[in-house]
Amino acid sequence: MGARKGIDYIQRLKEHPPETWIGKEKVTDPTAHPLIRPAVEATARLYDVQWAEEHASYMLHRSPDTGELVGTSFLVPRSKEDLYKRRLQSLIWAQQTFGLMGRSPDFLNAMLTVWYINRDFFGPYAENVKKYYEYVRDNDLFLTHVLIDPQVDRSKPPSEQPDEYTYLGVVRETDGGIIVRGAKMLATSGPYADEVLVWPFHLRKPTEKDYKYAISFAVPLDTPGLRLIAREPYTRSSTLDHPLAARFDELDAVAVFDDVFVPWERVFIYQDVERVNTIWKVNSNAFTGHQTSIRLLVKLQFLAGLLMKGTEMVQTNQFPHVQDMIGEVTTYIELVRAAIIASEATAEPNADGIYMPNVVPLYAVRNSGNRWYPRVIEIMHLVFAGGLMYQPSSFDVFDSPIADDIRKYYRGATVSAEEKIRLFKLAQDLAISDFGSRHVLYERFYAGDPMFLRIQTQYSAYDKREALALVERALALYREEEAAKAEKPEAKEMKI
């Protein structure tokens, strides 16, 4: 099949809908459900964009196996130019959603591509990883993933939970595969994705009881026994009053596996605590960190643009403290951009001639973006202040007896009330809505616990040699001075 278009994605989703529950409602067709359809349509547009003639040179490439055109998010880079193509692909997709859909298809495409490149890590299941990557690539599937155990009793291991299958584990083996039971969180975009990749994020103890939880696999989301319990949707019906929430709400869900059958060919790690605990060696963050940094860049640019245009409308952009805060946002933008470019420029080929982005600057972004984004939202509060609160509840007011009041009192310095309200409605959606609050939470935690991420990547695994070498050089100055004194005896006083 090769790269899909939006209509192909929607048709497959209609034919293979995940079992999703929103409250007590079972969703039978996510492509038509009013709370999911906007995200489906936004995703379909991404698939259409990759076929746009102006993007053809970097959005698609030929599959080495079938010769069909496939998405560049599956591209195995053989040069720094290929890394640049990957950047352009993620950039174009992120711009379509203003960076607001963190789990667009290219995110897990990037992860799966790294797994394919480093498939030998998976030992006896390496061939499964290879074939699955090729299957997803050549059918252009949309994956979600689940990593984390539900928050039941985090003080106890999986085997000591109230039910030993509270957390996802193996029930039994069959000739054709395994039966799994339990739950995982958090399947972002799950209600409108094609398949789910299960990857245990928590470290597992090497005890007999905990081996059954040390598994990784992938299955279609319409697999019998698999259901998604969605959070409350933030989708709104009015695209005028909630222009972002009405279009880009990525629905998150808990995945419940009720004796789900997983074929052996879809198993990637099986009761292997050592591989689960060392899967970081696959270095999937090289590609996912590249993709998420590009998305964060676009998102920060969008927020900066809202601040620039909004303050221009009411002429607060002339005040030094406002300029200072907007300058803080543009500083973050340029640091992210620099890290992306550095990750490509300092990439080195591996033994197979494959170029992986240098993950070190990408880790710096990942460990800073989870602080920067909440700070930028705080800046929106400080800069827009009451402007975020006093916008009319609906655009219907322009067709009401108070329309003249709205046009008089809600106008900007040089713009109409309609134009100003449109801008501030965008800002409201990100700064003070439930949709916007979810984005703050997402940016804080999507990559894991911020403190442990910084400890692991910016301290424990950080290459300290250059920093320590400078200190040693400074300390050497003392030794050099002492040596010089020892070699040069003090001059004796001359007698006349």
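For the single chain, residues carry numbers from 1 onward in sequence order.
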> Should the pair Asp140-Arg12 be classified as a salt bridge under the 4.0 Å nitrogen-to-oxygen rule?
Replying inline: no
> In chain order, what residues pass the side-chain contact (heavy atoms from CB on, under 4.5 Å) check against Trp264, with sequence neighbours excluded?
Replying inline: Tyr125, Glu173, Ile178, Val267, Tyr270
> Is the centre of the Tyr234 ring less than 6.0 Å from the centre of the Phe435 ring?
Replying inline: no
> Any Lys/Arg nitrogen of Glu344 or Arg87 sitting under 4.0 Å from an Asp/Glu carboxylate oxygen of the other?
Replying inline: yes
>> Run the ring pair (Phe, Tyr, Trp, His ring centres under 6.0 Å) test on Phe268 and Phe217 for me, step by step, so that the C-alpha distance in whole Å, both residues' side-chain angles and the decisive distance to 0.1 Å come before the verdict.
In response: CA-CA 5 Å; Phe268 310 133; Phe217 60 86; 8.2 Å; no
>> Please determine whether ring pair (Phe, Tyr, Trp, His ring centres under 6.0 Å) holds for the pair His381 and Phe384, giving the CA-CA distance in whole Å, both sets of side-chain angles, and the decisive distance to 0.1 Å.
In response: CA-CA 6 Å; His381 293 166; Phe384 288 141; 9.9 Å; no
>> Quick test of your reading: applying side-chain hydrogen bond (donor to acceptor under 3.5 Å, both in side chains), list the pairs with at least one residue in residues 362-372, sequence neighbours left out, ordered by first then second residue.
In response: Asn285-Tyr363, Asn285-Arg366, Thr292-Arg366, Asn367-Thr457, Asn367-Gln458
>> Apply salt bridge (Lys or Arg N to Asp or Glu O under 4.0 Å) to residues Asp259 and Arg181 and explain how you reach the verdict.
In response: CA-CA 5 Å; Asp259 285 11; Arg181 185 188 305 163; 2.5 Å; yes
> When the aromatic ring centroids of Tyr213 and Tyr167 are compared, is their separation below 6.0 Å?
Replying inline: no
>> Are there over 12 heavy-atom neighbours, none belonging to Ile7, within less than 6.0 Å of that residue's CD1?
In response: no
> Does the pair Arg78/Asp352 count as a salt bridge with the N-to-O cut at 4.0 Å?
Replying inline: no
>> Tell me if the centroids of the rings in Phe107 and His145 come within less than 6.0 Å of each other.
In response: yes
>> Has Arg266 got a side-chain atom pairing as donor or acceptor with Ala218's backbone, closer than 3.5 angstrom?
In response: yes
> Under the ring pair (Phe, Tyr, Trp, His ring centres under 6.0 Å) test, which residues partner Tyr446, sequence neighbours left out?
Replying inline: Tyr442
>> Can you confirm whether or not the ring centre of Phe122 sits under 6.0 Å from the ring centre of Trp115?
In response: yes
